Protein chains: 2
Amino acid sequence: MPYRTKKKPPAKAVAPDGTFAMGETTDRLLTPGEVAHIFGVDPKTVNRWSLTGKIPSIRTPSGQRRYRQSDINQLISTDRG
Amino acid sequence: MPYRTKKKPPAKAVAPDGTFAMGETTDRLLTPGEVAHIFGVDPKTVNRWSLTGKIPSIRTPSGQRRYRQSDINQLISTDRG
DNA sequence: GGTTAATTGGGTAATTTGGGGC
DNA sequence: GTTGTCCAAATTACCCAATTAA
């Protein structure tokens, strides 16, 4: 999967009729490559972060890792040090 | 994770945050696209999982696959490693 | 009926994984 | 202690057109 940055349409999670747009909502899962692109590191480094408990990860039934966008956003904080 | 749709899914089964309503839609069958969204993969990958025996699937009379929520829930687990 | 979106199957390219060593 | 790279095997993504579902 290439490091594709797909633009998200205006996030409209739940419509008035109770329906919602699939796949474009708040908590989509990111691939290691996407997270790596965000932080500017190697995908393997991202996996190391999950190994050391720095990022929670979800496994596909075949063992690949996926990361919650909310978890990633939590790590992105402006640093003044 | 190229699965995206601008229209409403068949019904509200899995909320954008990944949760679901227990008392209401527990036994509803999920489409490949919905399961794909949960795991952050392509719908075809989900079908591949059923072909390799990782997920039991149910077929519509026309041959399309559907998945039980209970089967999917069993596979979801946060991973530390 | 008619429109739109999702699913399916096949083929091929790209990504991910784990280990090892720098 | 952390990160980047090389490797082979496994897994997944994207392409297409036809079928099915809503």
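Only a predicted model underlies this, so the values are computations on that prediction, with no experimental measurement involved.
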Side chain to side chain contact (heavy atoms under 4.5 Å, CB included) between A/Ser57 and A/Arg66: does it pass, once the steps are laid out?
CA-CA 6 Å; A/Ser57 65; A/Arg66 296 286 119 96; over 6 Å; no
Under 4.0 Å between a side-chain N/O of B/Thr31 and OP1 or OP2 of C/dT7, yes or no?
yes
Just to confirm, is there a sub-4.0 Å distance from OP1 or OP2 of C/dT8 to any side-chain nitrogen or oxygen of B/Arg65?
yes
Which atom names give the shortest non-hydrogen contact between A/Pro56 and A/Asp71, and what distance separates them?
CG-OD2, 3.3 Å
Of all heavy-atom pairs linking B/Gly40 and A/Leu29, the shortest is N-CD1, 3.7 Å
Just by modelled atom types, is the B/Val41 backbone N or O under 3.5 Å from a matching donor or acceptor in the B/Thr45 side chain?
no
For A/Ile72, give me all partners under side-chain contact (heavy atoms from CB on, under 4.5 Å), at least two apart in sequence or on another chain.
A/Leu30, A/Val35, A/Ile38, A/Phe39, A/Ile55, A/Tyr67, A/Ile76
Polar atoms only, N or O, under 3.5 Å: list the protein pairs with nucleotides 18-20 of chain D and their distances.
residue : atom : partner : partner atom : Å
D/dT20  : O4'  : B/Gln64 : NE2          : 3.4

How far does NZ of B/Lys54 sit from OG of B/Ser50, to the nearest 0.5 angstrom?
10.5 Å
How many angstroms lie between CG in A/Asp42 and CZ in A/Arg48, if you round to the nearest 0.5 Å?
7.5 Å
Using atom CD of A/Glu34 as one end and atom C1' of C/dA14 as the other, report the distance to the nearest whole Å.
13 Å
To the nearest Å, how far apart are B/Asp42 CG and C/dA13 C1'?
14 Å
Taking only heavy atoms on the protein side, list every residue of residues 44-59 of chain B lying under 4.0 Å from any atom of DNA chain C, sorted numerically.
B/Lys44, B/Asn47, B/Arg59
Please evaluate residues B/Gln64 and B/Arg59 with respect to the criterion side chain to side chain contact (heavy atoms under 4.5 Å, CB included), reporting the C-alpha separation (whole Å), side-chain torsions for both, the decisive distance (0.1 Å), and the verdict.
CA-CA 5 Å; B/Gln64 295 197 354; B/Arg59 294 274 196 156; over 6 Å; no
